Amino acid sequence: MKKRKYRNPLMPSGIKLAAYLSIPVGVYIFIIIIPTLFAFGYSFFEWSGGPAKKFIGFENYIALFKDDTFWLSFRNTILFTFLMVIGQVGIAFLFTLFFTMKWVKFVELHRRVMYFPSIIAAVVIGLMWQLIYNNDFGILNHILRSIGLEQWIKPWLDDPKIAMFSVAVPVIWQFIGYYLVLLMGAVATIPKDIMEVAEIDGATGFKKSIYITIPLIWDTLKICLMICFAGSFKAFDHIMVMTGGGPGRATSVLSLYNYNTSFVQMKMGYASAMAVVILVVSMGLTIGIQRLMEGKSYEH
């Protein structure tokens, strides 16, 4: 008697699986791959968005590498990304270790409260902090004035020396909770018997964090760092709302400079070349950091 093969009725067939995958793959190709290919093609033209285009070869790329504003925006982007990695993931990591302490109460409440800002629109956050930083009626300077710290009062968004740091604060504040949830989720997967054995051996809260919690959530921590790096490198909305890249070019980042070049100056060909270079640089840095982090494991 021929033995019949068992087939799981919940398992989709090859045709159904291909149909399911075709939708997200098609959307990805339509909104990512095709515009990228068009941008690469347009980067070889002098084009202002109209029907007329003039082929100029690599002149846009040559001009881009001689563009001082581009390199200034690149340095600002690197600084902003560094602040985000240290501020968002670093502070979230410290809070994660703090919440693993046995004596800390209402951990779930703290986590929900800290996560709440991350669901607010970036434009709203930018407008809110713009009001907080306002020189005349901002709440920050008002508080400093009320407690007798007039020497600390500054034009937070108008001083080129501190404008980037001022812009970074609300972005850090908004997304600490997001990375906290990811790290706390990793902590929740740690078997309780490991913690109990550590406590029996006399490990304190600090020692448990160093020798148990950190090694067991190390992979999640690396993922958080990669997400933060990739997200920060394309920062746009917060800075656009609060400073628009000013004062001068103190807070100009790559995505904002690319936006101004394409939709304000209408240099579509030049902006396309810039977009291609930003894509290549960001992918190169991301892959490089990923390879570097994959080659290392946590050891203490």
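Model, not experiment: these values are computed from the prediction.
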- [ ] Start with the C-alpha distance between L157 and W129, add both sets of side-chain angles, then the distance that settles side chain to side chain contact (heavy atoms under 4.5 Å, CB included), and finish with yes or no.
- [x] CA-CA 10 Å; L157 296 177; W129 279 84; over 6 Å; no

Using a 3.5 Å distance criterion without hydrogens, assess whether the side chain of [X] forms a donor-acceptor pair with backbone atoms of [Y].
| X | Y | answer |
| --- | --- | --- |
| S118 | F175 | no |
| S282 | L279 | yes |
| T251 | G245 | yes |
| Q174 | P117 | yes |

Task: ring-ring contact (aromatic ring centres under 6.0 Å, His included), paired with W47, selected from Y270, F38, Y42 - done: Y42

Between [X] and [Y], is there a shared hydrophobic cluster once you connect ILVMFWY residues whose side-chain heavy atoms come closer than 4.5 Å?
| X | Y | value |
| --- | --- | --- |
| L97 | F106 | no |
| F137 | W152 | no |
| L127 | I119 | no |
| V241 | L256 | no |
| L140 | W173 | yes |

Is any side-chain heavy atom of [X] closer than 4.5 Å to a side-chain heavy atom of [Y]?
| X | Y | answer |
| --- | --- | --- |
| C224 | V89 | yes |
| R112 | F116 | no |
| V85 | L225 | yes |
| F98 | V104 | yes |
| N60 | F44 | no |
| L183 | F93 | yes |
| I91 | Y179 | no |
| V107 | M184 | yes |

Inter-residue atom distance [X].[atom1] - [Y].[atom2], 0.5 Å rounding:
| X | Y | atom1 | atom2 | result |
| --- | --- | --- | --- | --- |
| I153 | L144 | CD1 | CG | 6.0 Å |
| I120 | I125 | CD1 | CD1 | 4.0 Å |
| S48 | Q265 | OG | CD | 11.0 Å |
| C228 | L83 | SG | CG | 10.0 Å |
| I223 | L182 | CD1 | CG | 8.5 Å |
| T96 | I214 | OG1 | CD1 | 10.5 Å |

Open item on the list: Would you say the rings of H110 and F99 are close, in the sense that their centroids are separated by under 6.0 Å?
Closed with: yes

Are more than 12 heavy atoms, taken from residues, nucleotides or ligands other than [X], located less than 6.0 Å from that residue's [atom1] atom?
| X | atom1 | result |
| --- | --- | --- |
| Y178 | OH | no |
| L94 | CG | yes |
| K53 | NZ | yes |
| F40 | CZ | no |
| F95 | CZ | no |
| M283 | CE | no |

Task: E150: partners by salt bridge (charged side-chain N to carboxylate O under 4.0 Å, His left out), with sequence neighbours left out - done: none

Open item on the list: If the condition is salt bridge (charged side-chain N to carboxylate O under 4.0 Å, His left out), which residues does D237 pass it with, not counting sequence neighbours?
Closed with: none

- [ ] Answer with yes or no whether the side chains of N141 and W156 bring together a donor and an acceptor at under 3.5 Å.
- [x] yes

Open item on the list: Once you measure the plane-to-plane angle for F70 and F65, does it fall in the parallel (<30°), tilted (30-60°) or perpendicular (>60°) bin?
Closed with: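 Rings of F70 and F65: perpendicular, as their planes differ by over 60°.
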
Task: Aromatic ring pairing Y61/F58, orientation class (parallel under 30°, perpendicular over 60°, tilted between) - done: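 Tilted.
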
For residues [X] and [Y], report the shortest heavy-atom separation together with the two atoms involved.
| X | Y | result |
| --- | --- | --- |
| Y133 | P170 | OH-CD, 3.8 Å |
| P160 | P247 | N-CG, 3.7 Å |
| Y115 | V181 | CD1-CG2, 3.6 Å |
| N76 | A250 | ND2-O, 3.4 Å |
| T69 | Y257 | CG2-CE1, 3.5 Å |
| Q88 | I172 | CG-CA, 3.7 Å |

Task: Verdict with supporting geometry, L285 and F233, side chain to side chain contact (heavy atoms under 4.5 Å, CB included) - done: CA-CA 10 Å; L285 290 176; F233 211 83; 3.9 Å; yes

